[in-house]
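Heads up, the thing below is written out as structure tokens.
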Amino acid sequence: MPTDGFINAEVKVRFAPSPTGYLHIGGARTALFNYLYARKFNGTFLLRIEDTDIKREKEDSIVRILEDMKWLGLSWDEGPVRQTQRLDIYKKFAEEMLEKGLAFKCYCTPEELETKRQKMKDEKLNPRYDGTCRHLTPEQTAQFEAEGRKPAIRFRVPDRKVTVNDLVRGEVIYDEDFAGDFVILKSDGTPSYNFAVVIDDYQMGVTIVMRGEEHLVNTPRQVLLYEAMGFQVPQFAHISMILSPSREKLSKRHGTVAVDLFKQEGYLPEAMVNYIALLGWSPPEGKELFSLDELIEAFSLDRVAKNPAVYDVEKLKWINSQHIQKMDNEKLLELLIPYLKSAGFVNDETVVSKRETLLKITEALKPRLVLLSDVAREAAIFFDDELHFDEQGKEALGWEATPAVFDAFLEVLDEYESLTADNFMEAIKKIQKKSGAKGKNLYVPLRAGITGQGHGIDMSWIMTILTPEQMKNRLKSAKQMVLA
RNA sequence: GGCCCGUUGGUCUAGCGGCUUAGGACGCCGCCCUCUCACGGCGGAAACCAGGGGUUCGAAUCCCCUACGGGCUACCA
């Protein structure tokens with residue numbers, strides 16, 4: 001039995017989404033845990049698409065899910081395998097079960113079943129298949145066939161208790177009557193979910209079935225199928241769900257839940273992965289900031305919580321900002337460029353020609369970025385030469401010391417080709433001496449004069465990144481404001 | 001209705017019978033750093049461990065009941 005703590009090359013896990021839309025953070029977490037487990041134990045990570053319900057659209061959805069997984073950095077070793085490409089396999093196994101008497105054909109129509117189900121509900125009975133076709137005579141079968149009815153194939157569910165041993169939840173026992181004979185092959189020849197998973201997980205050699213809690217109750221049915229067919233039963237690990245802040249099942253109504261939308265909003269994949277891991281798994285030590293590789297190292301199934309987690313965007317934001325701060329400037333700038341471009345601050349040419357300046361801006365702004373997209377707002381003072389005054393900036397225009405500071409600043413600026421980390425303090429001192437202002441009375445007018453704002457990043461950054469020419473122009477228009 | 005799973009500050013969680021006056025993180029508040037904002041550092045408020053019964057010398061931790069939340073009960077996955 002593979003357990004946490006030693007390397008097992010036989011470990012094989014899988015992520016098996018159904019292509020019903022996009023990858024949301026719950027699915028992403030299931031994928032992540034599988035990925036972490038596979039990597040931790042040198043195992044294999046299989047990706048399988050459960051697309052047997054042909055009524056739903058899926059092509060677009062599959063593409064999106066694969067892209068999201070790649071973006072998160074969750075690489076898989078096998079697949080994607082599509083269940084729709086394996087339909088004859090399921091059919092073959094279903095027929096085999098028929099031959100062995102483990103299953104039977106059921107000619108009941110969906111309408112008939114629905115009527116019966118409703119009736120049972122009304123009589124406060126458990127709505128389940130009543131066994132109508134369990135013991136059909138050859139004559140009855142012939143009769144139905146003659147009517148042109150297409151049969152579904154149902155599993156003859158054995159009448160006994162089933163124990164599921166779950167790596168997260170422990171032993172869960174189900175009574176003998178927990179389920180009626182359920183369909184394994186629909187009348188259109190496609191397999192039902194419970195049947196297809198069992199065949200697939202068995203044939204693909206999956207050793208641990210790690211999935212969402214919504215599948216826990218399906219598990220005894222699957223265990224029965226494994227045993228009926230003589231397959232070795234894998235281990236199971238059911239991960240609790242992720243709930244919205246209103247404690248409901250997550251859906252688009254609760255803000256951003258789709259992975260690709262987080263990407264658009266300016267979250268880092270490593271931050272997403274870090275945050276998602278913390279929902280339902282707790283690190284062995286106090287540490288909470290992890291890279292993917294560190295997660296692989298630290299992950300273990302026995303620290304996965306049983307209770308559902310409510311997702312909280314505030315903590316995600318914090319984690320995102322932390323990952324941004326850790327990133328080196330070169331890499332961060334690359335990620336920022338798309339946002340700078342769409343804000344109209346840079347283009348293909350200036351990205352190259354002004355690279356040094358852009359790197360300085362990146363470094364200056366780094367501590368203030370929560371989302372990558374914040375750069376559009378934060379970097380505006382460097383690219384937009386028109387002053388947009390905020391309340392404090394405007395107020396500073398009226399200060400007594402302001403005109404003198406502006407004039408001193410203009411004069412001093414004439415003395416420099418450019419301001420740098422080395423001569424910046426010297427320039428400030430000169431302005432101070434000429435204007436007679438110091439401290440707040442010096443800095444706030446300086447800041448307001450070239451950015452229009454009363455607060456913001458360190459003046460040393462602003463004055464060394466902007467050119468003297470830019471600053472002079474801005475100061476002049478600020479002077480106009482004072483006079484007006 | 002039945003069957004399962006869950007319930008520690010607003011949120012994520014630690015805790016797996018005594019180490020607990022219940023620890024950490026986000027958020028919130030205050031102080032420090034500082035021209036300001038952000039970062040960072042320090043400190044604080046915030047949980048009668050869902051409620052009630054047991055078991056035990058001793059329970060957030062074990063058992064039972066109740067409440068609440070969720071899942072499943074399909075020819076959805």
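Numbers restart at 1 for each chain; the letters A, B, ... are given by sequence-line order, proteins then strands.
Between the side chain of Asp312(A) and the base of rG27(B), no donor-acceptor pair under 3.5 Å is found. Donor-acceptor pairing under 3.5 Å, judged by distance alone, is present between the side chain of Arg447(A) and the base of rC35(B). For rC75(B), the base has a donor-acceptor partner in the side chain of Ser187(A) [N/O atoms by modelled type, under 3.5 angstrom].
Note: CG (Asp458(A)) to P (rC37(B)) measures 12 Å, nearest angstrom. rC26(B) atom P lies 13 Å from atom NE2 of His323(A), rounded to whole Å. As a whole-Å value, the separation of Leu216(A) CG from rC72(B) P is 11 Å. rU73(B) atom P lies 12 Å from atom CD of Gln222(A), rounded to whole Å. For Tyr311(A) and rU13(B), the OH to P distance is 15 Å, given to the nearest whole Å.
Between Glu95(A) and Lys91(A), no side-chain nitrogen of the basic residue sits less than 4.0 Å from a carboxylate oxygen of the acidic one, so the salt-bridge criterion is not met.
Exactly one residue among Tyr129(A), Phe195(A), Phe182(A), Phe93(A) makes a ring pair (Phe, Tyr, Trp, His ring centres under 6.0 Å) with Phe155(A). That residue is Phe182(A).
Nearest nucleotide to the side chain of Lys186(A), out of rG6(B), rG27(B), rC76(B): rC76(B).
Ser192(A) and Asn194(A) share no side-chain donor-acceptor pair at under 3.5 Å.
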